[in-house]
Protein chains: 2
Amino acid sequence: MTRLTRDSIVTTAIEVIGKHGSEQLSVRRLGEAIDADPTAIYRHFRSKDELLRAIGDRCLIGVTDDLPTTSWRECIRELCIRIRAANLAQPALATLVRGAPPRHDNERRITETILARLGEAGFDSAAAAFAYHALIELTIGSAAIDSSLASEDSAARARIYAEWRSDYAALDAGMFPRSVGGAASLYPGTADDRFAYALDRLLDGLAGTLS
Amino acid sequence: MTRLTRDSIVTTAIEVIGKHGSEQLSVRRLGEAIDADPTAIYRHFRSKDELLRAIGDRCLIGVTDDLPTTSWRECIRELCIRIRAANLAQPALATLVRGAPPRHDNERRITETILARLGEAGFDSAAAAFAYHALIELTIGSAAIDSSLASEDSAARARIYAEWRSDYAALDAGMFPRSVGGAASLYPGTADDRFAYALDRLLDGLAGTLS
DNA sequence: ACCTGAACACCGTTCAAGT
DNA sequence: ACCTGAACACCGTTCAAGT
């Protein structure tokens, strides 16, 4: 590291996360990676939280680029799927879930894109605001929930889901008849599939308010 | 504390959270409250995570009691609103978001209730599973997102939302025209209102798959 | 102007030893 | 059988001092 800047710290932090996993990103470890005293970071970021948010925004680079122009639904659907993917790629970020507004450029472009497509589709600004918040809550919330398993590979995830299905199947059938009966159907597909299903149903519901 | 049990530890932990806030619940602080050595807790819980989950389940007591019988939608809607409220009442729990299956009784009753109402409504087990996961992702995910502000009172929350609207309004109107134009409409109502809207649109979409 | 390093006030968890 | 207490291996953050 020739020079310490916000950008260079973020870059190194992402390398550290890539190598050691996002739970292992501590101020001390990051200090080692940037070859400076850990506390030097506090010269560039007010807190670790602020650093994590900057990392989060870096991960969102390009999510609003080249989105489908076929329809507002397709565009927003693809954007939400990309946001989720970006969040799951850095599981530590998903735990940073928060209702605060975007303070960084990539985040701002997301808001702008969603509001613009909704506006063009015919939502007035009140309806667009409710729809925007609904989409973000589902997308970010779902990523937070799924992030616990995001570090496993797909075979491991499939194995874990199978275990969980067995747990349901082993419940007392008198008290939990539907859980036992439906156990084999729970956790269908991948977490991405389940998110896509939820997103599509939410978009159905939102589209229904237009007519 | 006359005797240390899982239940008595959970009860005391909830008292500590009530007094000091859920971020302040540490093993050491809880040890003080139960008037025992902090590490005695590890005799009853494998980890702090296991303790938090037990606390989480305690907070869900009664959520499946006396639900509306008017329709599957009304029943599930009310249940999701109660689950959200229970999670927001203990903000620490919302950060425990996870995709793992319920391992405690109150959680299990939630799954059973949702699957049962969906089944009665005509969803087959595959469709019911997708619908169940969609509802849970939105409900728990949204609670996680909103938990950061749950400890503030409603006046403080309203003030914070007003600030966030100003942030949007202050953006560059050339780059973010819709965000600036729609700023006054963002964060409409309370977080509960926005969740209810999202939940209703998701239920619209799910109901649409029945016909 | 920028960075260091000691220090503060904490964490969750383990395990040999006590009663 | 149950609990203690020392210890381990860490945290995020502040601030006077250095260069």
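Computed over heavy atoms, backbone and side chain alike; hydrogens, waters and symmetry mates excluded. We name chains A, B, ... by the order of the sequence lines, and we start the count at 1 in each one.
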- A/Asp172 atom CG, over 12 foreign heavy atoms within 6.0 Å: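 Yes.
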Whole angstrom is fine here: how far is it from [atom1] in [X] over to [atom2] in [N]?
{"X": "B/Leu30", "N": "D/dC3", "atom1": "CG", "atom2": "P", "value": "13 Å"}
{"X": "B/Phe45", "N": "C/dT13", "atom1": "CZ", "atom2": "P", "value": "13 Å"}
{"X": "A/Leu51", "N": "D/dT13", "atom1": "CG", "atom2": "C1'", "value": "14 Å"}
{"X": "A/Leu4", "N": "C/dT4", "atom1": "CG", "atom2": "P", "value": "8 Å"}
{"X": "B/Ile34", "N": "D/dC2", "atom1": "CD1", "atom2": "P", "value": "14 Å"}
{"X": "A/Asp35", "N": "C/dG5", "atom1": "CG", "atom2": "P", "value": "11 Å"}

Under a 3.5 Å threshold, yes or no: a donor from one side chain and an acceptor from the other, between [X] and [Y]?
{"X": "A/Arg165", "Y": "A/Ser185", "value": "no"}
{"X": "A/Arg109", "Y": "A/Asn106", "value": "yes"}
{"X": "A/Ser47", "Y": "A/Asp49", "value": "no"}
{"X": "B/Ser142", "Y": "B/Arg84", "value": "yes"}

Using a cut-off of under 3.5 Å, enumerate the N/O to N/O pairs linking the protein to nucleotides 14-19 of chain C.
none

- Task: Can you run through DNA chain C from 5' to 3' and write each base as (, ), [, ], | or . depending on how it pairs? Watson-Crick or G-U wobble, both distances under 3.5 Å.
- Result: ||.|||||...|||||.||
- Is a side-chain N or O of A/Arg58 found less than 3.5 angstrom from the main chain of A/Asp7, in a donor-acceptor match?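 Yes.
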- Can you name the side chain to side chain contact (heavy atoms under 4.5 Å, CB included) partners of B/Pro68, sequence neighbours left out?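 Applying side chain to side chain contact (heavy atoms under 4.5 Å, CB included) to B/Pro68 gives B/Thr70, B/Glu74, B/Glu78.
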- Task: Output all residues satisfying side chain to side chain contact (heavy atoms under 4.5 Å, CB included) with A/Ala156, sequence neighbours left out; order by chain, then residue number.
- Result: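 A/Ala156: side chain to side chain contact (heavy atoms under 4.5 Å, CB included) contacts with A/Glu152, A/Asp153, A/Arg159.
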- B/Glu50 and B/Arg6: salt bridge (charged side-chain N to carboxylate O under 4.0 Å, His left out), yes or no, with the steps? CA-CA 11 Å; B/Glu50 196 184 293; B/Arg6 283 178 68 102; 3.0 Å; yes
Provide a list of protein-nucleic acid N or O atom pairs under 3.5 angstrom, restricted to nucleotides 8-11 of chain C.
residue : atom : partner : partner atom : Å
C/dC11  : OP1  : B/Ser26 : OG           : 2.9
C/dC11  : N4   : B/Arg28 : NH2          : 3.1

- Item | N/O (side chain, A/His44) to phosphate O (OP1/OP2, C/dC2) under 4.0 Å |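 Answer is no, no contact under 4.0 Å.
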- Item | Residues in side-chain hydrogen bond (donor to acceptor under 3.5 Å, both in side chains) contact with B/Arg73, at least two apart in sequence or another chain |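 Per chain and number, B/Arg73 pairs via side-chain hydrogen bond (donor to acceptor under 3.5 Å, both in side chains) with B/Asp204.
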- What integer number of Å spans the P atoms of C/dA9 and D/dC10?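 Each nucleotide's P atom is 22 Å from the other's.
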- Message: Cation-pi check for B/Phe176 against B/Arg178: NZ or CZ below 6.0 Å from the six-membered ring centre and within 45 degrees of the axis, yes or no?
- Response: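 Checked: cation-pi criterion not met.
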